[in-house]
Amino acid sequence: MLKKSLISVAAVSAIFMAGAASADTADKRIALSNNYAGNSWRQAMLKSWDKVTGKAVADGIVKEAPAFTTAENQATEQAAQIQNLILQGYDAIVLNAASPTALNGAVKEACSAGVTVVSFDGVVTEPCAWRIAVDFAKMGEVQLDYLAKRMAGGANLLEIRGLAGVFVDDEIHKGIVAGVAKYPQFKIVGSVHGDWAQTVAQKNVAGILPSLPKVDAVVTQGGDGYGAAQAFKAANRPTPLIVMGNRHDELTWWKQQKDANKYETMSVSIAPGVSTLAFWVAQQILDGKPVPKDMIVPFLRIDQENLEQNLANTEPGGVANVEYLQADALKVIASAK
Amino acid sequence: MNGLSKGMPRALLEKAWLGSFLAAAAVWAAAMIYSGGQGGGQMLGAALSFSTFFVIVGIGQMLIIATGPGNVDLSIPGTIALAGAIAMKVMDGEDSLIVVGLAASLAAGAAVGAANYGLIRVLRIPPIIATLSSNLLVQSTAIAYGRGLRVKPPPAFADFTTATVFGVPVLALCAVVFAAVMAVVLARTVFGRSVLAIGQNMRAAWLAGVAVDRTRLLTYTLSGLFAGLCGALLAGFSGGSSLDMGMEYLLASIAVVVIGGTSVAGGKANVPGIWGAALFLFLLLTMLNTFGAGAGVRLVMTGLIIIAVITMAGGDKPAR
């Protein structure tokens, strides 16, 4: 059994070597290894992947591009999944990883077997893999830049953080702290963890609100803005400026407030369609193009002017999304050089 | 242990339920002192609102845990997500469909609960594994069914779930009545007595003529039913259902039962304690948030305080 798989890995690697030389990806197979599917962002990410890769397969750009999701959001489980994908002979694995470091062993095995690994969103540190990373700290900082324009005289802020102990939460928080240091007229008067979920954010904001002075603005991490708005409403407090995170319920609420009382805010997050950007990058690498190992994903920022347009493009329960084209991937690759 | 507690169950039970309320009052007072006494009433109002949901699932979980060691329902998070999605989709924002939506979500919850007992009884899978795997199945069904859809609740349903009378949430008042009814059911009905008898010794209960299978089936079905109710109400309360809304109930539903004074060994249940424990857990987090404690400190403190409360108020001393 083991011998057989080794032979097939060797055979596939040989085919891969031959394929790379001809600079054509029509016979290439790219797999998506995904660690979690239990929220609207991930659902949209998988949907975008299906849509874009389905078209790419129909157009004969790649042979196939299935998506695989692990059930338990565990690094060990995803490592086993990657090993399976290696044995199944995929040419490239596009990876949203459960952990930045715990999958490095499996990723290294993939590289040694000649499989191209492109990680995105949840990136891995293993040097042989490509990384399409999000500048999360910047996501925190732009919120303060925006607030500094809107509230030049300073304001009391409530910070809603994400899931404690996760890298993304620390990074966005760092950006927010850096922003507050840059504009000392702002003061964070309270901080709660919302776990990027509306219900958790609502509960924890409702708990801390009674003990807080007037809150002028809420800085967030996405997936928590609507819950915060509900908590302020339930406490009969004036609605502060809440930075949104591109979710459909958040944008819908914003639109209602905008129509009712000219409410103004901004919204920023990463488009779930970043999976399709990673797909095109993997395709470029398989095509033999030189691609730098580290790239940065562009944000999807929504402002007062383009709210309606973005809301119309967001499906109920989903997240504002952009599906990337091959040309976008070339742009991201070029800007990383 | 049972031999000893039989002699003085009243005092011990009362002590256990008092403990969680005292702990809740203590953390509330601490938060109040820190914030200079402002907003204490509102804080209590919020605590009542959110505790309601923990009480509803906690009572179902308590019935199961009271039937003896190893019995637990880990499918609550998935059931909440599924029931919430079903309620919102069936109601479709129409006031006229509220009853239908509520009935559909309750039926879905009860079906999950009954299926759980099927796995346990027919396939002989231990409850912890059976309910954990059914949680995965149910959560996946919710994902496939809802696709992350966040349908708004009908206005009348949203108003009902968020209404207050003199600052006290209506839903919390309903949950107090509900808890009182369940306390009577547990103490005064054949079903309630059977649950406790099974928890003390399943074989002895069976030999004494207790309908063991039917009672256990009913506990799992009720737990599913209550999780379904919680999912529908939570979706109304928070302006729509979301896939991750049941997540925090996996361990919290067990925590409120145990902190509330129900014995993990079975045979001894405590309904009012669940209210105290739910208020305590909410106010504890609020207090630590008010202090501005970092996530690490908060988790450590939460763990230590829970251990302290259980040790002090757990009541039941081992019989040695």
Side-chain angles (χ1 to χ4, degrees), chain A residues 36-44 46-47 69 71-72 161-166 169-170 173 188-193 195-213 223 226-227 229-231 233-237 247-250 252-253 315-319, chain B residues 31-32 34-47 49-50 53 77 80-81 84-85 136 139-140 142-143 146-152 162 164 169 234-235 237-248 282-296 298-299:
Chain A
Y36 184 61
N39 60 33
S40 52
W41 197 93
R42 292 294 178 119
Q43 286 295 323
L46 290 168
K47 239 184 204 171
T69 300
E72 282 285 355
R161 298 187 56 172
L163 199 56
V166 178
D169 169 55
D170 288 333
H173 172 67
I188 296 182
V189 293
S191 168
V192 293
H193 282 263
D195 298 1
W196 303 308
Q198 307 288 6
T199 46
V200 179
Q202 183 186 2
K203 181 177 128 208
N204 292 344
V205 171
I208 197 175
L209 261 190
S211 67
L212 295 182
Y226 182 64
Q230 298 271 32
K233 188 178 148 211
N236 285 325
R237 284 206 171 206
R247 269 62 168 184
H248 182 265
D249 48 9
E250 297 176 336
T252 311
W253 181 85
E315 62 176 298
V319 187
Chain B
M32 287 272 292
Y34 188 87
S35 66
Q38 65 152 335
Q42 279 180 33
M43 206 182 280
L44 268 189
S49 282
F50 289 94
F53 304 107
I80 289 177
L136 292 176
Q139 181 79 38
S140 306
I143 291 174
R147 280 280 155 202
L149 210 61
R150 197 179 177 97
V151 186
K152 288 243 173 284
T162 51
T164 56
L234 193 57
F237 179 77
S238 61
S241 69
S242 53
L243 290 174
D244 44 20
M245 71 182 186
M247 212 107 85
E248 54 175 340
F282 181 87
L283 289 167
L284 175 61
L285 185 62
T286 299
M287 178 192 80
L288 293 170
N289 275 333
T290 310
F291 290 176
R298 228 178 45 214
L299 292 176

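The chains referred to below are lettered A, B, ... by the order of the sequence lines, with proteins before strands, and numbering in each begins at 1.
Distance check: B:N289 CG to A:L209 CG gives 11.0 Å after rounding to the nearest 0.5 Å. Rounding to the nearest 0.5 angstrom, the gap separating the CG atom in B:D244 from the CZ atom in A:R42 is 12.5 Å. In this structure, the separation between OG1 on B:T164 and CG on A:N236 is 7.5 Å, given to the nearest 0.5 Å. Note that the OG atom of B:S238 and the CD atom of A:Q198 stand 8.5 Å from one another [nearest 0.5 Å].
Using a 4.5 Å cut-off between heavy atoms, B:M287 does not touch chain A at all. At a 4.5 Å heavy-atom cutoff, the contact between B:A295 and chain A is made by backbone and side-chain atoms alike. For A:L212, the part lying under 4.5 angstrom from a heavy atom of chain B is the backbone only. There is no contact between B:Y34 and chain A, counting heavy-atom distances below 4.5 Å. Both the backbone and the side chain of A:A206 come within contact range of chain B, with heavy atoms under 4.5 Å apart. B:T162 does not touch chain A: none of its heavy atoms, backbone or side chain, sits under 4.5 Å away.
Checked against side-chain hydrogen bond (donor to acceptor under 3.5 Å, both in side chains), A:D169 has the following partners two or more places apart in sequence or in another chain: A:R161, A:Q221.
Nearest heavy atom pair, residue B:F50 against residue A:Q202, reads CZ-O, 3.7 Å. Of all heavy-atom pairs between B:M247 and A:Y36, the closest is CE-OH, 3.4 Å. Here the closest heavy-atom approach between residue A:A37 and residue B:I143 is recorded as O-CD1, 3.9 Å.
Residue pairs meeting the salt bridge (charged side-chain N to carboxylate O under 4.0 Å, His left out) criterion with at least one member in residues 199-210 of chain A, sequence neighbours excluded, are A:K203-B:E248.
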